[in-house]
Amino acid sequence: MPKQSTKMSGLQCLASENIWFDKRCYDEAEKCFYEGANGPSAQAKSALQQPKGSQLKRRHRNSSSHAGGDQELVSRMKSMELENQTLHKVVEEMRAALQKLESRVAGLEKSPAAVTCAKAAPVKQVKVENGDDDDDDDDVDLFGSDEDDEEAERIKQERLDAYAAKKSKKPTLIAKSSILLDVKPWDDETDMGKLEECVRSVQMDGLLWGASKLLPVGYGIKKLQINCVVEDDKVGTDILEEEITKFEDYIQSIDVAAFNKI
């Protein structure tokens with residue numbers, strides 16, 4: 001009795017389960033039935049058609065690759081033919097030049113060599129008489145005369161004087177410089193027009209004032225940037241700064257922004 005109870009409990013458990021262990025077999029049987037009734041499925045047809053399409057693509061690729069290779073081979077053959085033709089022309093030219101050279105050498109070998117012997121010119125004999133030699137020696141002055149030396153010295157002095165006079169007439173070059181000055185006021189209430197008048201009132205020999213403009217510094221303060229040209233021998237930057245900074249009521253400081261030789 002206990003064994004039967006255990007078997008019955010196992011069958012009852014299997015009966016209560018919802019699992020279909022043989023579903024795969026039934027599915028395959030159903031698939032075979034429908035395939036026999038309606039022919040192969042669309043998936044099978046597509047599976048059969050795919051290899052054909054891939055084979056056609058492969059054939060097309062192979063044909064295109066073969067066509068490209070054939071074109072490259074044809075172009076290479078044409079280039080080789082052109083090179084061959086040029087080489088043939090060069091060889092023909094070299095052969096023609098060699099034939100000309102051989103013909104010239106053969107002509108030189110056949111002609112007899114003309115051997116010319118230069119005849120020695122007869123040496124003229126000059127008779128020297130003792131009396132004539134003495135007269136010639138008297139005419140020759142080995143050391144020169146004092147008159148020639150004086151004439152040469154006079155000509156030399158005249159040339160030196162002419163060169164000195166010509167050099168003195170040339171104008172001497174005056175060294176000049178262009179200076180750009182930055183003139184700063186005390187504050188934003190400073191009259192910049194009056195400041196510029198004070199700067200331009202500085203006059204001296206060798207000083208020439210140029211253009212000017214106002215540039216912002218900050219907090220409403222502007223500085224005067226003015227250009228001037230000076231002669232280096234007459235006007236220096238130190239003297240110029242001293243003369244400008246004398247106007248203490250308007251000018252706080254002065255800086256050299258740029259200095260260029262002219």
Side-chain angles (χ1 to χ4, degrees), residues 35 38-128 136 140 142 144 148 151-152 155-156 158-180 210-211 213 215 225 227 229 231-232 256-262:
E35 284 181 354
N38 300 326
S41 62
Q43 293 180 355
K45 290 181 181 179
S46 63
L48 290 172
Q49 290 176 358
Q50 283 180 358
K52 292 181 180 179
S54 62
Q55 288 178 2
L56 291 173
K57 289 180 180 179
R58 288 177 184 174
R59 290 178 182 176
H60 181 67
R61 289 176 184 174
N62 292 331
S63 63
S64 62
S65 63
H66 284 304
D70 294 339
Q71 290 179 358
E72 184 179 0
L73 183 60
V74 169
S75 62
R76 290 183 66 183
M77 289 289 290
K78 289 182 179 178
S79 63
M80 290 178 69
E81 288 178 357
L82 292 174
E83 290 178 359
N84 193 9
Q85 291 177 1
T86 54
L87 288 173
H88 277 299
K89 290 181 181 178
V90 171
V91 171
E92 292 296 332
E93 291 176 357
M94 291 179 69
R95 284 180 180 174
L98 184 60
Q99 288 178 359
K100 290 181 181 179
L101 184 61
E102 288 178 352
S103 62
R104 289 184 64 184
V105 171
L108 291 173
E109 288 178 352
K110 290 178 181 179
S111 63
V115 180
T116 60
C117 296
K119 296 182 179 180
V123 179
K124 295 182 180 179
Q125 295 181 357
V126 180
K127 294 181 180 181
V128 179
D136 294 337
V140 176
L142 297 176
D148 295 338
E151 185 69 19
I155 294 171
K156 182 179 179 181
E158 288 178 357
R159 290 179 179 176
L160 289 173
D161 294 339
Y163 176 74
K166 185 178 179 181
K167 188 175 181 182
S168 63
K169 291 180 181 178
K170 289 183 178 179
T172 57
L173 296 176
I174 300 173
K176 295 183 180 181
S177 301
S178 175
I179 304 174
L180 188 65
K213 61 181 177 179
L215 297 176
Q225 192 173 75
N227 186 21
V229 177
E231 295 181 10
D232 296 342
V256 178
F259 187 92
N260 298 316
K261 292 286 185 180
I262 298 176

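The chain is numbered in sequence order, starting from 1.
- Separating the CD atom in Gln85 from the CD atom in Glu83 is a distance of 11.0 Å, to the nearest 0.5 Å.
- Rounded to the nearest 0.5 angstrom, Leu108 CG and Ser103 OG are separated by 9.5 Å.
- For the atom pair Ile262 CD1 and Glu231 CD, the distance stands at 10.5 Å (nearest 0.5 Å).
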Exercise for the section: Apply side chain to side chain contact (heavy atoms under 4.5 Å, CB included) to Asp161 and Arg159, showing your working. Expected result: CA-CA 5 Å; Asp161 294 339; Arg159 290 179 179 176; over 6 Å; no
Problem - Full working for side chain to side chain contact (heavy atoms under 4.5 Å, CB included) between Lys78 and Leu82 - result: CA-CA 6 Å; Lys78 289 182 179 178; Leu82 292 174; 5.6 Å; no
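- Contact annotation: the side chain of His88 never approaches that of Thr86 to less than 4.5 Å [non-hydrogen atoms, C-beta and beyond].
- Taking every heavy atom of both residues into account, Asn227 and Ile179 meet most closely at OD1-O, 2.7 Å.
- Put simply, the side chain of Val256 does not reach to within 4.5 Å of the side chain of Leu180, judged on heavy atoms.
- Distance check: Met77 CE to Asn84 CG gives 10.5 Å after rounding to the nearest 0.5 Å.
- For the pair Ile155/Glu151, a side-chain contact is recorded, criterion being any heavy-atom separation below 4.5 Å from C-beta on.
- Remark: Lys89 does not engage Glu92 in a salt bridge, criterion side-chain N to carboxylate O under 4.0 Å.
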Handout entry: Test side chain to side chain donor-acceptor pair (under 3.5 Å) applied to Asn260 and Ser178, step by step
Key = CA-CA 5 Å; Asn260 298 316; Ser178 175; 5.4 Å; no
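- Atom NZ of residue Lys213 and atom CG of residue Leu215 lie 5.5 Å apart, to the nearest 0.5 angstrom.
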